[in-house]
Amino acid sequence: MAIAKTIDTKFSHNNIEAKWRSMWEKNHTYKISDESKKERWYELTMYPYPSGDLHVGHWFAMTGADIHARYKRMNGYNVLHPMGFDAFGLNAENAAIQRGIHPHKWTMDNISRMKKQLDTLGPMYDWDRQVITCLPEYYKWNQWFFLQFLKNDLAYKGFAPVNWCPSCVTVLANEQVIDGICERCDTEVTHKDMDQWFLRITKYADELLDQESIDWPDRIKTMQTNWIGRSEGVEFEFDISHCNLEETKLKTFTTRIDTAFGVTFVVMAPEHPLASSITSKSELESVQNYISKSRQSTEIERLATDREKTGVFTGSYCINQLTGEQIPIFIGDYVLASYGTGVVMGVPAHDQRDFEFAKKYDLEIRVVIAEENYDQTEISEAYIGPGIQINSGNFDGLSNMQGKIEIANHIEKEKFGNKKVNYKMRDWLISRQRYWGTPIPIIYCNDCGAVPVPEEDLPVILPEDAEFLPTGESPLALHEEFVNVKCPDCNKPSKRETDTMDTFVDSSWYFLRYTSPKFSESAFDPSTAKLWNPVDQYTGGVEHAVMHLLYSRFFVKAIRDLGLIDYDEPFDRLFNQGTIIYKGHKMSKSRGNVIAPDEYVEAVGADVVRTYLMFIGPWEQGGEWNDSGINGAVRWLNKVWDLVHSNTSLLPNEISEDLVNQNNRIKNQTIKKVTEDIDKFKYNTGIASLMEFTNQLIELNSSKKITSDQLRDTIETLLLLISPIAPHISEELWEYIGNEFSVHQSEWPRYDETLIDDPTVTFIVQVNGRVRDKITLASDISENEAKNVALESPKIKPHISGKSLNRVIFVPGKLINLVVS
RNA sequence: GCCGAAGUGGCGGAACGGUAGACGCGCCGGUCUCAAAAACCGGUGGGGUUAAACCCGUGUGAGUUCGAAUCUCACCUUCGGCACCA
C-alpha cells in the first residue's frame, strides 16, 4: 500500500536515526546490569507472535511501553524492558502445510525480520535478554514445569468432552472458545470425548479471585471474576437406589436449596454418564434419539439462551429425600454436563428456565417461597426474589434466607447431601494435537502406564524432520523415530505422547525467563528472578484478560507452592492500551487495511511515527490512524529542529525579572504536566503540552523576550522531555547544543512548585453564574478587593444595576460570582 | 437479558464542579512565488451585529447547585464483557 503524501522533515531522519542506533549499540547504552545499585523497575509489554510483519498496532503498543520505560530510567531506576517472541503456534505449522516451509524456518525468518523492524523504532531493548519460546533451551523448562506439576498433582490426564476446532484440528481450552467460536480462527467449535492433559487451575480458584494486591483495571478483574464464576450452594442427592444401578444417589447442585420442597422434576444433561442407563426400556429409543440429536448440535446452538427448552422423559423416578416424593427424571440439553453435577433439580416456581420447561411438559409448578401479598393464584413467571417459606414442611414461615441456611444444615445432618462451592472455570486443558509446540514429556508403556520422561532426559526435542500433511494428522504421531521409545521404568518398547502443549504455557512464565534467559540449570536463576520480579508494570491488549493473564497468575501461584519463588502475583500493575483502527476497523491482513510502519519510517522517520501514534488519542483508547494527521508530528519536530538551530546571537543578555520569571514558569509548568502525563500513560496530552511549549519558545525567541542563556537552558529541558517519545532526534539535538552523550542517560528534569504559580491571574467574573467579564488580578487578591474591582467593571455594571447583591461566591485565584436578583 | 465504559466543532481529541472546544488534522483568507509546494500570519461551533453587546450550544429529558460537558435519576445510541452456570 502506498503511503499518503506527507510533508517533509527538515532533518535527514534516516541518517540521524541510523547514526544514533549504532551509537547506542556501540556504547551499550541500553545494556542492563543485574549488579546496579539503583532501584529496579521491571517494565514489561506483551511479547509478539512472530507472524511475519510488524504493523502499526505493534508500534503503538511498543512505543507506549518504551516511553514509560525510558521515563522510569531517567528517573533513576535500573529498568528491565525486555523483548522476545511467542514463537510456537499454529500459523507456523499452517505455513508449512500450505507452502512447504518448515515451521522452524518460517518462525526464525519472521523473528529476524521483525527484530529489524523493531529496531527501527529505536527501543531500549537489551537483545541479550531476548526469549524465543520455540527453542529447546526455552521449552525444555515447559516440560520441566509439567513434570513438577505432575509430581504435585497439579497436572493430570483426564477423559472428558472437550472443545474441538475442526479447522485448527486440535482441542482447545475453554478460555480459547469465545461464544462457541475458536479464538484464533473463528471456526465453530464442536465436541469430542478425548483423553487429555489438564493443569489443575481450579485448585487456585479462590486465590485467583483475590485481586486485592494487584493494581489492575477493574474491567480485567471483573472479567476474571466472572470467568472463575464462584457460586456457593448445596449438592443435594436424590435417591435412585430402586433403579438397580451401581449408583444409588443422583447428585444435583443448587444455589437455591431454600426451594428444595418445590422440586417437581429433575433434569440431566444429555452427556451425563447415567443418561442412558437410568432410562426405562420403554423410553430408551426416544431418549437415545434425543441424546444423539443434541450431541450433533453445535456449541452455538446449545448456548443460545432464547431457544425453547427441550427434553425427554426417561420413564424413571427418583426420590426427594426431604419429602419422600417421587420425582420424574428428564434429559434436557439446557442442562450443562460440565457444570455442577450435570443434573439440576427442577423448581419451576422459582427458576425461569425450569418454569418454561414445566410449562412445556405440563409439570407441576409448586410455590414454596411466597412473595409479599402472594395470593395463592397461578403464577405467570418464576418468582426468584426473597420471600417466606411455604409448602416446606418444618421450614414453613421462615424467610427464605433463613430457610437456605436451615435446610442446608438439615440436609447435611440427614446425609442427603453437602454444602458445596462450584466454579464455572474448568481445569486448563493443555493438550494440542499439533506439531509446532512443546512436546508433552510422557511415555506410554503397556505395563507401567503413563510414565514421565526422567528430568535428566529433558528436553524432549521436537524432531525437525516431520511431515506436514494437510490431513489434520499430527506430524508427531506419524514420526516413527519420535514415537517409538523404551519405557524409562521397564525398558520395554513404548510410545511417546504425541500431543504438544498449548502455547499459553510458554507465555505463563516468560517474564521469569527474561531475568536470566541463558541460565541452563533451571527455568530461571532464582537470584536474578528475585531481583527483578514481580513485574512492576505490565502493558498489553485487553484480549488476554481470561487467557494469558489468568494462566500467568495461576502459574506463579503454582510454582510458588513448588518453592521456586516467594511472591503471589506476576504483574503488580497492569495497563491496557487500546487498538489502532484504520478505515473504521481493526487492522487485519484479511481486510487489507494494514498500515505498515516501514514505509512511514522511511518517509518521515521513526520519531515522527512514534510521536504521531502517541498523539492520536489517549493510549488507553487507541484510535483511528489518519493519513494526514501524521503531518502534525512532522511539523512539530521540524519546529523543534529549527528552534534548536536558530541563531540566538541577537538575543538580549538581560531581560526584566518579570520575563525571567514568566519564562521559568512556562518551563516548570511544562515539566510538571509532562511528568504527570507520562506517569499516567496520558501521552496525547503530554505531547500537546510539549507542542505548546515549543510554540511558546519560538515566540519568545522571535520576540527576543528571552536571553540566549535562558533559551539554551530551556531547550535542554525541552529535549529531555521529548527524549522518551522521540529518542533519535532528541539525541541528535542534545549533541548539537554541545551536551555529552547521551540524553538517555541524563536525569529527568525536576520542577519547582514555587516557580509555577502566576502572581497575576485572569479572574472570571460571573453574574448569576454567567461569565460577563475577565479581569487580570493578583492571584492572592482577597474576596473583598476582588468584589470591589468586579463591581466597578463596565461590563458588569449593566448586569447588576437596579438589582440587589444577594451573595458573592469567591474562588481564590480563579473566579468571582455575583448573585443578584 | 445482565454488567461495564462511552456519546463534546468538519475530524482526532482537551477540560472532568468554575473561561467548553487545549493541542493537532482539515478547511478558508493573506504574505512569499512566474506558479505551486513548504513556511509564516490571520480565521475557523451556530445565530446575531458594520462592529459589539447578546442569545443558543457537550446524545435526549428532568433534577441538584450561585454555577453542570463534569454530580443524580430516567431514556436513546454506540462499543466492550458475560449470558440456559442451576
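Values in this document were obtained by computation on a predicted structure and should not be read as measured data. Residue numbers start from 1 in every chain, and the chains themselves are labelled A, B, ... in the order their sequence lines are given, proteins ahead of strands. Atom set for the values below is all heavy atoms of this structure, side chains included, hydrogens, waters and symmetry mates excluded.
B:G4 and B:C79 make up a base pair, with Watson-Crick or G-U wobble contacts both under 3.5 Å. Base pairing of B:C84 is not made with any nucleotide, judged by Watson-Crick or G-U wobble geometry with both donor-acceptor distances under 3.5 Å. Pairing for B:U65 is absent, with no Watson-Crick or G-U wobble pair whose two atom distances lie under 3.5 Å. Judged by Watson-Crick or G-U wobble contacts below 3.5 Å, the nucleotide B:A15 has no partner. The nucleotide B:G9 finds no pairing partner, because no Watson-Crick or G-U wobble arrangement with both distances shorter than 3.5 Å includes it. Under the Watson-Crick or G-U wobble criterion, with both distances below 3.5 Å, B:C34 has no partner in any strand shown.
In the set B:C23, B:C84, B:C66, the nucleotide with an atom closest to the side chain of A:Ile809 is B:C66. Among B:C54, B:U19, B:G24, the nucleotide with an atom closest to any side-chain atom of A:Asn695 is B:G24. Nearest nucleotide to the A:Ser231 side chain, out of B:C66, B:C56, B:A86: B:A86. Ranking B:C84, B:C25, B:A86 by closeness to the A:Lys309 side chain, first place goes to B:C84.
Salt-bridge check for A:Lys360 with A:Glu308: passed, with a basic side-chain N closer than 4.0 Å to an acidic carboxylate O.
Two residues are said to be in side-chain contact when any heavy atoms from C-beta on lie closer than 4.5 Å; A:Ile257 and A:Ile411 meet this criterion. At least one side-chain heavy atom of A:Leu718 sits less than 4.5 Å from a side-chain heavy atom of A:Thr694. In this structure, the side chains of A:Val808 and A:Asn817 stay at 4.5 Å or more apart for every pair of heavy atoms. Inter-residue side-chain proximity for A:Leu643 and A:Asn701 is flagged as met; some heavy-atom pair is nearer than 4.5 Å. The shortest side-chain heavy-atom distance between A:Asp607 and A:His13 does not fall under the 4.5 Å cut-off. Side chains of A:Ile616 and A:Ile580 form a contact here, defined as non-hydrogen atoms less than 4.5 Å apart. With contacts defined as side-chain heavy-atom distances shorter than 4.5 Å, the pair A:Ile201/A:Met425 qualifies.
Base orientation for B:G9: syn, the chi torsion being within 90° of 0.
Between the side chains of A:Asp627 and A:Tyr582, at least one donor N or O lies within less than 3.5 Å of an accepting N or O. Between the side chains of A:Thr314 and A:Tyr290, no donor-acceptor pair is found at a separation under 3.5 Å.
With both ends at atom C1', the span from B:C16 to B:G21 equals 14 Å, rounded to whole Å. For the P atom pair drawn from B:G42 and B:U64, the interatomic distance equals 45 Å after rounding to whole Å. The C1' atoms of B:U72 and B:C84 are separated by 36 Å, rounded to the nearest whole Å. B:G7 and B:U58 have their P atoms separated by 13 Å, given to the nearest Å. Rounded to a whole angstrom, the distance from the C1' atom of B:C25 to that of B:G9 is 13 Å. Here the separation of B:C23 from B:G13, taken at their C1' atoms, is 8 Å to the nearest Å. Straight-line distance between the C1' atoms of B:G59 and B:C41: roughly 38 Å, to the nearest whole Å. Only the C1' atoms considered, B:G61 is 10 Å distant from B:C76, to the nearest whole Å.
B:G24 atom C1' lies 10 Å from atom OH of A:Tyr612, rounded to whole Å. What separates CD of A:Glu356 from C1' of B:C84 is a distance of 9 Å, to the nearest Å. Separating the CD atom of A:Gln669 from the C1' atom of B:C23 is a distance of 16 Å, rounded to the nearest angstrom. Taking atom CZ of residue A:Arg807 and atom P of nucleotide B:G67, one finds them 9 Å apart after rounding to whole Å. Between the CG atom of A:Leu815 and the P atom of B:G18 there is a distance of 10 Å, rounded to whole Å. As a whole-Å value, the separation of A:Tyr423 OH from B:A86 P is 13 Å. Atom-to-atom, CD of A:Glu308 to P of B:C84 comes out at 17 Å; the value is rounded to the nearest Å. A straight line from CD1 of A:Ile228 to C1' of B:C82 spans 14 Å, rounded to a whole angstrom.
Within the 4.0 angstrom heavy-atom criterion, only backbone atoms of the sugar-phosphate kind lie near A:Val771; the bases stay farther away. Among the heavy atoms of the strands lying under 4.0 Å from A:Val335 is at least one base atom, whether or not backbone atoms are also near. Backbone-only engagement by A:His799 is indicated by non-hydrogen atom pairs under 4.0 Å involving sugar-phosphate atoms exclusively.
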A:Asp773/A:Ser793 under side chain to side chain donor-acceptor pair (under 3.5 Å): CA gap, chis, key distance, verdict: CA-CA 8 Å; A:Asp773 199 6; A:Ser793 156; 2.7 Å; yes
Evaluation steps, ring-ring contact (aromatic ring centres under 6.0 Å, His included), between A:Tyr600 and A:Trp59: CA-CA 12 Å; A:Tyr600 283 92; A:Trp59 271 61; over 10 Å; no
Derivation and outcome, ring-ring contact (aromatic ring centres under 6.0 Å, His included), residues A:Phe355 and A:Phe357: CA-CA 5 Å; A:Phe355 182 86; A:Phe357 192 82; over 10 Å; no
Stepwise ring-ring contact (aromatic ring centres under 6.0 Å, His included) check, A:Phe575 with A:Trp216: CA-CA 7 Å; A:Phe575 188 92; A:Trp216 285 24; over 10 Å; no
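Remark on RNA chain B: of its neighbouring residues A:Asn226 and A:Asp354, the 5'-side contact belongs to A:Asn226, judged by nearest-heavy-atom nucleotide. Of the two residues near RNA chain B, A:Arg772 and A:Met345, the one whose nearest nucleotide lies more 5' is A:Arg772.
For B:G24, neither phosphate oxygen OP1 nor OP2 lies less than 4.0 angstrom from any side-chain nitrogen or oxygen of A:Asn631. OP1 or OP2 of B:A83 has at least one side-chain nitrogen or oxygen of A:Lys424 nearer than 4.0 Å.
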Distances for protein N or O near nucleotides 2-5 of chain B N or O, under 3.5 Å:
none

Review item, nucleotides 38-47 of chain B N/O atoms under 3.5 Å of protein N/O:
unit_1 : atom_1 : unit_2   : atom_2 : d
B:A39  : OP1    : A:Arg635 : NE     : 3.2

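Other residues, nucleotides and ligands contribute at most 12 non-hydrogen atoms within 6.0 Å of the NZ atom of A:Lys251.
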Protein proximity profile, nucleotides 6-17 of chain B - base contact B, sugar-phosphate-only contact S, no contact -, cut-off 4.0 Å on heavy atoms: ------BSSS--
